Each structure stands twice: as structure tokens, then as C-alpha cells.
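Before any comments, here is the structure.
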There are 2 protein chains.
Amino acid sequence: MMDIQIAVIDDHDLFREGLTLVLNQVQGFQVVYDTSDGFRFLEMLDQVPIDIALMDIEMPGINGIEITEKVLSLKPDLKVIALSMFSDTGHYTQMIHAGAKGFVLKKANKFELEQAIRAVHQGGNYFSQDILQKMAFRYTNHTVGCDQLTSREIGVIALVCQGLTSQEISERLYISVKTVETHRSNIFLKAGVKNIAGLIMWAIKNQYYNI
Amino acid sequence: MMDIQIAVIDDHDLFREGLTLVLNQVQGFQVVYDTSDGFRFLEMLDQVPIDIALMDIEMPGINGIEITEKVLSLKPDLKVIALSMFSDTGHYTQMIHAGAKGFVLKKANKFELEQAIRAVHQGGNYFSQDILQKMAFRYTNHTVGCDQLTSREIGVIALVCQGLTSQEISERLYISVKTVETHRSNIFLKAGVKNIAGLIMWAIKNQYYNI
DNA sequence: CTCGTCCTCAGGGTTTCCCCCGATGTAAGA
DNA sequence: TCTTACATCGGGGGAAACCCTGAGGACGAG
């Protein structure tokens, strides 16, 4: 039986190297490629046969979501499992939309990851329990939900998170204070939060704002 | 020559296991103990001889700073190197205060960590470049800076970050709204921020609040 | 005992947030 | 063409945040 050929894309060197060693210890697994650079991974696609790609999401430069989209347009049979520090909204919906077959948290243990790889390799899916619960909550809680923010709203949310007042934002964007407040309100609705504190947590978790 | 005996304390299983494998590959290093639980580590101190402890800071329950304090009160000769995802303020000062001899970011590579371990084991220090730069900036920029928060303030800041209003906090803590506002103001002063947005970013970076 | 720190509380003020309502113009799509 | 989504702007009002000042009690260190 052929080993499952795995690639690891993660910018944290220690984590990536360690993960490689851990996976190579597992019977039937073989890490055939690992890199911290998503672009390099795209270039290597034709040179190394890969079954499963373990893809970090938060990376400088090109992020895991974009890489996944590009990879799957080139190699539709390759299976991508997303890795992330956070279990929260936005991330995984975007990753699923990009075509990822699984989603595992970095705080998972070896056995969960092994399970995920085997499930996905056999044509299934794997989403860690945290994710499933959040998704279920999303549906039952039918907040208007994960409406994407408009580009203007994304511009505003970044400034809000930086602590600028509506006044300051209006000056920065050359629009009226009232317009800023409208955007704020719409963002609050979409995020399902009720004040700045909640918004910031939401923005960070959904990668609209980075610390 | 005796191997350097290393313990790894980190709640992220994959990272910890991987790190253990990586370090065991290094000539002269041996990971003799690893755990996700700080309390368990404290109990094990007498049973396993340890030279170096690699200590994660962000952990549920007891954090790396408290563990470090307790460990060093029991075993002053043990050398603690802090591991952290973030390079930002507060963390490392608290860790240094607790007695850590080094500070390495999780995004470091194997060679940097190896260097850090050797330096600390020989009685030196090791602080990653990011940290040193921030410290230098701190001094030149002499913000009144890292006044520690009082315990009450830490309690308040967590609730503020959860999006509670002063009214709600006062009910939760059984104190007056005015008292809450006083604490808020004092926190704002110490943090050097001017509104909730800034405060939340500061609190996250300084680990007074976790996402 | 004094000093400093911390926690507590208050008055009174300005600013900002947050929410209600409504409105116009524009551009993309059915 | 009609609809929908988006961005823009406004009035008004209550709630909360924010800023300043002052002050009393507790408690530990020197």
C-alpha cells in the first residue's frame, strides 16, 4: 500500500518541522514536501506528487485561502486540510468556499490530525468539533450571519479597530460623519455585535483586522 | 558530555510533540519531559532532572508566568526560556520579572531555538531580536510604560474587553458605576490608550485578555 | 505613626456612540 | 426596464463613554 503523500505549508518553522517529524512517525504517512512559502508550493506542484496539503491560514504575504484556490484550480484532485490557530468564524467558511476538505485547529493532537488526514484521503471531510459547533450555532442563531463586508465597510472597520472616532474616520476618508456611522451600524449588524469591544474581537477572528 | 535535559510545557499538543522530536534530533539535547499542564509540571520537578524548561506563555488555566515564578521558587537553578506567539509588550517584561532567562518566538526556526538553549544553559541569556528591538523602543520612547495593573484593574479589563458596559460591570462586581469608570480611566492611563479599541489591542498584546 | 497605594464613590461636564427615521444617486444584474 | 445593492448624507435623541476634580477608608511598608 502506497503511503499517503503529504505537503505542509506553514510559515512557522518550528511548528512545520515538528509536524513533519510527527507525521512521518505515523504508519502510512509521508511528508514529501514542506515550505513556509505559498508561492513556492505552487511552483512545486508538478514536481512532487501530493495527496494531501496541510495548509496554514494565517501567513504573511499570500494567505492559505488564496493558495488553496490557486492550488485547486491547478490540481483539483489534491485535497487541502486547513490548519489554524483560531476556531472562529469567517476563516473556515472562506476555506470551505475555496475548496478545503477539512479544518483542524493547531491545538489539536496527533490523533485528531491523523484521523482528519485519513478521512479526507478516503474522499471524506473532517472538521474539528469546535468548528462544527460554531457552524451549527450560526445556523440556529441565524444572525443575518456571514454576509461579506463591502469594500467600504472593510476600510471603515480597520480604522474603527485602530481606535479612530467616527469624526476622525470621516476626515480620513473624506466622507461625512453620518456616512461613517451608517457603515458602523451596518457592520455591527453583519457582525452581530453590539459595541466596539465585540466588533474588534469579531474583526480579529475574521481576519478583517490583524494585531 | 551529558546531554542538556529539556522540559517542554505547552498546551498545543502538535506543537509540543513536534518540538520534542525536533529537539531530540539535535546533538546534545534531550527532551526528558513534556506536558500540556503547568500544575503537573510542578509536581514532576523532583522526579526528573531538568536543565532547561521551554515554557509557553499563553495557556488555559495557569499561565506560563505564574508557573515560572513557582518553578523558580522551588528550583532556582532551573533555567526557563519563554515561548510565545507574540512579540509584544508586557509579556516579556513579566516573564523576565518572573525569572526567565530567555524569550523565543514560536515563529523562530530550529537554529535560533538551539542557540537560545545553548546560551541559557551556559549561564547566559537569549532574547530574540524582535524582543530586543521592542525593549529598546520602550526605553527610548519612555512611555510611563509598563506600570503593572492592579488585580482589580485586571478584573475590570477582562469585562471591558468582553464588551460589557460600565453599568454591567458594576452589577457584576457589586461596585458603583463611578468606581468602574475610575478603574477604566486608570487602566487607560497605564495602557496609554484613549478608547476601548486601543485598550483591547493593548490588552490582547499584553495578555490581559485572550481571544 | 506616616506615607503611599489601592479601592471605593461622587458631581458635573463634553464627546461619542448607537439607534430610530428617512433620503438620493449610481452601478450591476435579472 | 425594474430591482437590488451599495455608498452617500441628514435630523434627532437617549445612553454611554470620557475627562476633571475631589475625597474617604483600608492596609502594608518604612
Side-chain angles (χ1 to χ4, degrees), chain A residues 90 93-94 97 142-204 206 208-209, chain B residues 69 90 93-94 97 143-204 206 208-209:
Chain A
T93 52
Q94 289 180 60
H97 190 258
H142 59 79
T143 39
V144 184
C146 28
D147 288 351
Q148 295 287 341
L149 295 189
T150 67
S151 59
R152 195 53 152 174
E153 285 165 352
I154 292 175
V156 171
I157 203 175
L159 299 176
V160 170
C161 289
Q162 284 169 38
L164 275 64
T165 66
S166 297
Q167 175 69 36
E168 291 166 333
I169 294 173
S170 74
E171 289 164 5
R172 182 90 62 106
L173 299 180
Y174 303 106
I175 55 179
S176 146
V177 177
K178 276 298 183 181
T179 305
V180 176
E181 289 188 351
T182 301
H183 288 310
R184 280 179 96 118
S185 296
N186 291 334
I187 293 169
F188 277 44
L189 268 182
K190 290 182 181 179
V193 300
K194 68 178 178 60
N195 55 29
I196 293 193
L199 179 64
I200 292 181
M201 304 314 290
W202 182 87
I204 292 173
N206 289 275
Y208 285 113
Y209 187 70
Chain B
E69 286 170 352
T93 52
Q94 288 180 57
H97 191 257
T143 39
V144 183
C146 28
D147 288 352
Q148 295 285 342
L149 295 189
T150 67
S151 59
R152 196 51 152 175
E153 286 165 350
I154 291 174
V156 171
I157 203 173
L159 299 176
V160 170
C161 288
Q162 284 168 39
L164 275 64
T165 64
S166 295
Q167 176 68 38
E168 291 167 332
I169 295 172
S170 74
E171 290 165 4
R172 184 89 64 102
L173 299 179
Y174 304 105
I175 56 179
S176 147
V177 177
K178 277 297 185 181
T179 305
V180 177
E181 289 188 351
T182 302
H183 287 311
R184 280 180 96 118
S185 296
N186 291 335
I187 293 170
F188 278 40
L189 268 184
K190 290 183 181 179
V193 300
K194 69 180 179 59
N195 55 29
I196 292 192
L199 179 63
I200 292 182
M201 304 312 295
W202 182 87
I204 291 173
N206 290 275
Y208 285 114
Y209 186 69

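A note on names: the letters A, B, ... follow the listed sequences, proteins ahead of strands, and every chain is numbered from 1. Keep in mind the model is a prediction, meaning the values are calculated, not measured.
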Contacts under 3.5 angstrom, residues 175-184 of chain B side chains, donor-acceptor by atom type, not counting sequence neighbours:
{"from": "B:Ser176", "atom 1": "OG", "to": "B:Lys178", "atom 2": "N", "distance (Å)": "2.9"}
{"from": "B:Thr182", "atom 1": "OG1", "to": "B:Lys178", "atom 2": "O", "distance (Å)": "2.9"}
{"from": "B:Arg184", "atom 1": "NH1", "to": "B:Ser166", "atom 2": "OG", "distance (Å)": "2.8"}

Bounded by its outermost nucleotides with an atom under 4.0 Å from a heavy atom of chain B, the footprint on DNA chain C reads C:dC6 to C:dG12
Minimal heavy-atom distance between B:Gly163 and A:Ala197, with the atoms involved, is CA-CB, 3.4 Å
Looking only at non-hydrogen atoms, find the nearest pair between A:Ile196 and A:Phe188 and report the distance. N-CZ, 4.0 Å
Quick check on contacts: within residues 165-172 of chain B, what sits under 4.0 Å from DNA chain C by heavy-atom distance? none
Sequence-distant partners of A:Gln167, side-chain hydrogen bond (donor to acceptor under 3.5 Å, both in side chains), two or more places apart: A:Glu171
Can you measure from [atom1] ([X]) to [atom2] ([Y]) and round to the nearest 0.5 angstrom?
X: A:Thr165; Y: A:Glu168; atom1: OG1; atom2: CD; answer: 3.5 Å
X: A:Ile200; Y: A:Gln162; atom1: CD1; atom2: CD; answer: 10.5 Å
X: A:Ile154; Y: A:Leu159; atom1: CD1; atom2: CG; answer: 12.5 Å

Hey, are the side chains of B:Asn186 and B:Thr150 touching, using non-hydrogen atoms and a 4.5 Å cut-off? no
In whole angstroms, how far is the [atom2] atom of [N] from the [atom1] atom of [X]?
X: A:Leu164; N: D:dA17; atom1: CG; atom2: C1'; answer: 17 Å
X: B:Phe188; N: D:dC20; atom1: CZ; atom2: C1'; answer: 16 Å
X: B:Arg184; N: D:dA16; atom1: CZ; atom2: C1'; answer: 9 Å
X: A:Glu153; N: D:dT8; atom1: CD; atom2: P; answer: 10 Å

Kindly calculate the angle separating the two end axes of the helix from C:dC1-D:dG30 to C:dG12-D:dC19, each obtained from five base pairs, and round it to 10 degrees. 0°
With a 4.0 Å cut-off on heavy atoms, is A:Asn195 in touch with a base, just the backbone sugar-phosphate, or nothing at all? sugar-phosphate
Pairing residues for B:Ser185 by the side-chain contact (heavy atoms from CB on, under 4.5 Å) criterion, not counting sequence neighbours: none
Short heteroatom pairs, N/O only, protein and nucleotides 25-30 of chain D, under 3.5 Å:
none

Expected output is a numbered-order residue list: members of residues 176-183 of chain A with a heavy atom under 4.0 Å from any atom of DNA chain D. What is it? A:Ser176, A:Lys178, A:Thr179, A:Thr182, A:His183
